[in-house]
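Throughout, a chain's letter reflects where its sequence line sits, starting with A, and its residues are numbered from 1. Nothing here was measured: the structure is a model prediction, and the numbers come from that model.
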Number of protein chains: 2
Amino acid sequence: MTIFLDDHLSIDWTAVRFDNQKLTLTRKEFELLAMLSQNEGETMPRTVLLETVWGYRIGTRTRTLDVHIRRLRRKLGRFGEEYIQTIFGVGYRFVRLRAARPLQLSSPAAFAIGA
Amino acid sequence: MTIFLDDHLSIDWTAVRFDNQKLTLTRKEFELLAMLSQNEGETMPRTVLLETVWGYRIGTRTRTLDVHIRRLRRKLGRFGEEYIQTIFGVGYRFVRLRAARPLQLSSPAAFAIGA
DNA sequence: TCCAGGTTGTAAAAATCTTGTAAAAGTCGT
DNA sequence: ACGACTTTTACAAGATTTTTACAACCTGGA
């Protein structure tokens with residue numbers, strides 16, 4: 001994932017809004033959540049997440065993805081488990097609950113997330 | 001940031017007013033604070049600050065930015081840490097506390113004279 | 001159904017990376 | 001050379017990320 005910065009604009013991980021509340025995310029947490037929410041409704045295989053967010057190759061033995069998922073779920077609040085579902089043996093899937101817009105990445109100029 | 005000096009004008013960094021008190025800043029401190037306060041509310045990446053204030057290119061290994069931030073914070077007084085926030089892994093962000101106007105740089109002459 | 005073997009959850013430790021800080025060293029103008 | 005300012009150095013403190021170790025949990029086949 002690439003993040004483009006304008007000379008006078010900057011990303012502030014601290015300022016992500018989610019479901020009407022501010023989320024204080026770390027960089028990796030942000031990238032992971034972005035990855036998931038941008039593919040809302042789709043199951044993202046562990047291999048893909050590890051590849052895109054961490055650059056890990058298939059076969060790498062690590063539990064860091066699980067740990068990050070856990071921290072994200074906690075930060076998402078009471079419905080963390082529902083927002084980020086576990087697809088056993090495959091990966092994770094982000095779903096929108098109610099009418100909440102998952103991640104407000106709004107102004108394109110502020111920061112563009114490249115696939 | 002570039003500061004233009006007229007032959008007949010001398011800038012007196014001593015005369016910067018901040019939050020109802022006079023600040024005695026050095027040139028670099030002033031430029032850094034100006035940079036930050038002019039982008040109030042935005043996170044200014046270290047790379048940008050180092051580029052604009054120091055002319056350093058990305059990758060330069062230096063701690064001079066941190067040192068200047070520290071001195072600024074001290075001079076800003078009791079709330080230095082709150083005025084200049086650290087955005088971990090990115091840079092710094094200046095925020096206005098209460099109704100205080102951070103730095104009056106508006107009209108070019110405004111800060112030229114120590115009055 | 002129940003078990004075995006792989007998969008995921010989790011807390012806590014360890015490792016890594018970033019920022020804070022004091023003090024020394026270097027620079028520049030007068 | 002002196003004084004004021006700036007930068008570097010070297011380490012401390014802090015934040016984030018990864019690993020470890022084990023518990024809990026699926027799921028397919030006996």
For the side chain of B:V67, counting heavy atoms from C-beta on, which of D:dT17, C:dG9, C:dA22 is nearest?
-> C:dA22
Reckon B:T64 touches a base, only the sugar-phosphate, or nothing at all at heavy-atom distances under 4.0 Å?
-> base
A:Y92 side chain N/O closer than 4.0 Å to the phosphate oxygens (OP1, OP2) of C:dG9?
-> yes
Please state whether the phosphate of D:dA15, meaning OP1 or OP2, lies under 4.0 angstrom from any side-chain nitrogen or oxygen of A:T26.
-> no
Could you state the atom-to-atom distance from CH2 of A:W54 to P of D:dT19 in whole Å?
-> 11 Å
Distance check: side-chain N/O of B:R46 vs OP1/OP2 of C:dT18, anything under 4.0 Å?
-> no
Base, sugar-phosphate, or nothing for A:R71, non-hydrogen atoms under 4.0 angstrom?
-> base
Out of D:dT7, C:dT10, D:dA10, which has the shortest distance to the side chain of B:R63?
-> D:dA10
Atom pair distance, as rounded to whole Å: NZ in A:K28 and C1' in C:dT16 = 11 Å
Which of B:T47, B:T64, B:L49 passes side chain to side chain contact (heavy atoms under 4.5 Å, CB included) with B:Y56? Answer is B:T64
Whether B:F94 and B:Y83 hold their rings parallel, tilted or perpendicular, with breakpoints at 30° and 60° | parallel
A:R73 and A:T86 side chains, donor-acceptor separation under 3.5 Å | yes
Interatomic distance, B:E82 atom CD to B:L76 atom CG [nearest 0.5 angstrom] | 11.0 Å
Separation of atom CG in B:D66 from atom P in C:dC17, rounded to whole Å | 17 Å
Between A:R71 and A:E29, does at least one N-O distance fall below 4.0 Å, as a salt bridge requires?
-> yes
May I ask you to verify if any side-chain N or O of B:T62 is less than 4.0 angstrom from the OP1 or OP2 atom of D:dT8?
-> yes
Specify the separation, in whole Å, of atom CZ of B:R74 and atom P of C:dT21.
-> 9 Å
Atom-to-atom span, CZ of B:R61 to P of C:dT18 - whole angstrom | 13 Å
Length of the line joining B:F88:CZ and C:dT18:C1', which is rounded to integer Å = 4 Å
Separation of B:I84 atom CD1 from C:dT21 atom P, in whole Å?
-> 12 Å
May I have the distance from A:I87 (atom CD1) to D:dC25 (atom C1'), rounded to whole angstrom?
-> 15 Å
